[in-house]
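Notes to accompany the following structure.
Please read these numbers as outputs of a predicted model, since none were measured by experiment. As the structure lists them, so they are numbered: ligands from 1, and atoms in each ligand from 1.
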Amino acid sequence: MSTTVTISPVTRIEGHLGIRAETEAADTDGGTERRIAAAHCEGEMFRGFERILAGRDPLDAQQITQRICGVCPIAHGIASVGAQETAYGIKPNHNGRLLQNLILAANYLQSHILHFYHLAALDFVDVTAVLAYTGSDRTLKTVKTWVETSVARQDSFPAAPFLPRCEGTYIKDVDRNARLLRHYLEALELRRLCHEMGAVFGARLPHSTALIPGGCTQVPTTEHVLAYSARLRKVRAFIDEVYLPDLLEVAGEFPAYFDIGAGYGNYMCYGVFPVDDVRKEDFIPSGVVIEGKWDTFDPGLIREDVTCSRYADQDARHPDKGETEPVPDKSGAYSWLKAPRYIGHPMEVGPLARVMVNYLAPGQSQIKRDVDAFLGKAQLPAAKLASVLGRHVARGLEASWVARESQAWISEIEVDAPAATDFDIPRTASGHGLTEAPRGALGHWLSIEDHRISHYQCVVPTTWNCSPRDSAGKPGPVEKALEGLRVADAEHPIEAGRVVRSFDPCIACAVH
Ligand code: NFE
Ligand code: MG
């Protein structure tokens, strides 16, 4: 018999996501295990940024669109100034490119550390193990006392945000859990350092005031370079010496998750972190992988479908013609996310997509060498990357690479020289800004009439990953990754949480 399991809201993600899954009895010998036959991702909140932007001064766009999200604001800022740069016919100068890269890099590092420790790790780490902790670490002893006190005084949610949680199989070893919990707390400090790095050149975080078309308002000084570098050294050491080992430790405890949650295997990357001043080459280059085959990426082939989205019906449109007309009670619609497709294909985006696109690209590259070195050391075949743990591994490796490259970018800065090119806002123009946010491919499309924004559309990473079905009935990538998943206890579908969180969804971004 089919039963529906609903997880709403999905916690430890950003924004409001519900998962509705139809389950059927799994063919096991009489146990309670069930299998997800079909899943629906329901984006549960409308926002309206694309409509708010119409009629505004184009220079407001990078400030307003950064407010789409507090986790990945810099990517929205970069996409927005990128759209203006193409519309104004300019490119950032040498320092402008480097500063945009460095502010974005700081935000990547903050976001990837956040995802592993504060959003995903509690799917695997048993925080209640702290109650059995008998060691001398002061921080852990404080946490233990806090949990005991919270339980004893019968708080309505004792030990929140750690509890309540989905029950299931967690890491058993007390010391291992305690060490991971200690790193969870340390990671909060590291995220502060990352925000400080971003603010050195971006003026403030999370919403930088310094990003402008053509670069950055900040003129970099030797003090700025030192302030950024000193923090970067600490963050890089944490990523390589704590985050990556912790990730491998968790992976070692749950190896089955290298075989769970693959999805379609279609991947897309727009390219990010330009490494030359004419923006010809990116540190992470663009590309697509469809049904295992690599190809170049063409932004003209993107369409947004709204068949199952709560918006006025229209044919699937390219974002430069897209509209956002809310219809809350539209028949057959179940999500506030649109359904972006690439030549009709649902595409996974994010760190795993960036890794796979570049791993399968023709020729040799640093990324390919790095991935091969990792796979060799972990004795893992490349095919296992298409999985829950593969997404976590890709994110961790990418954090390490971005920290390493940032050390090179900072050394290329010309101190005391301007970090922006001049521009005029034309009466009429259009442009698009394509980049990669921590969670994947991000595009902003802009038109200007009478010096004002006449049209603005964003197509955002989680819009790709958590999209609903399209006119052909094809599920979105997360919906697909949940199909066939075995759930030991339908009342506590911890396995589904692990699959969904491996994509690091942000529904605030996705609906925008
Ligand atoms: Ni709100 Fe975001 C990232 C963007 S995801 S977190 O990364 O763009 O849809
Ligand atoms: Mg949009």
Point to revise | C506 atom SG and C69 atom SG as seen from atom 1 (Ni) of ligand 1, angle to 10 degrees | key: 110°
Check your understanding: Looking at D246 and H183, what are the two nearest heavy atoms and their distance?
Key -> OD2-ND1, 2.6 Å
Study note, to complete from the structure: Note: ligand 1 atoms sitting under 4.0 Å from heavy atoms of V460 are 4 (C), 8 (O), 9 (O)
Review point. Any idea which of H76, R439, E436 brings a heavy atom closest to atom 7 (O) of ligand 1?
Key: R439
Practice item. Determine which of the N, O or S atoms in E50 is closest to the Mg ion (ligand 2) and give its atom name. Key: OE2
Point to revise | Three-point angle C458:O, the Mg ion (ligand 2), H512:NE2, rounded to the nearest 10° | key: 80°
Point to revise | With E479, the side-chain hydrogen bond (donor to acceptor under 3.5 Å, both in side chains) member among H40, R469, R20 | key: R469
Point to revise | E304 near the Mg ion (ligand 2): N/O/S under 2.8 Å | key: no
Point to revise | Residue pair H118 / Y184, side-chain donor-acceptor N/O under 3.5 Å | key: no
Review point. By number and element, which atoms of ligand 1 are closer than 4.0 Å to a non-hydrogen atom of A437?
Key: 3 (C), 4 (C), 7 (O), 8 (O)
Practice item. May I ask you to decide whether K480 forms a salt bridge with E483, counting only side-chain N to carboxylate O separations under 4.0 Å? Key: yes
Exercise for review: Find all atoms of ligand 1 within a distance of less than 4.0 Å from any non-hydrogen atom belonging to C72, and give their numbers and elements.
Suggested key: 1 (Ni), 2 (Fe), 3 (C), 4 (C), 6 (S), 7 (O), 8 (O)
Review point. Looking just at side-chain N and O atoms, do S8 and E42 make a donor-acceptor pair shorter than 3.5 Å?
Key: no
**Study point:** Contact partition for A75 relative to ligand 1, non-hydrogen atoms under 4.0 Å
**Key:** neither
**Study point:** Least distance between heavy atoms, V127 atom then R165 atom
**Key:** N-NH1, 3.9 Å
Point to revise | Member of H444, Q66, H512 meeting the side-chain hydrogen bond (donor to acceptor under 3.5 Å, both in side chains) criterion with H76 | key: H444
Review point. Does any N or O atom in T462 lie less than 3.5 angstrom from one in ligand 1, N or O only?
Key: yes
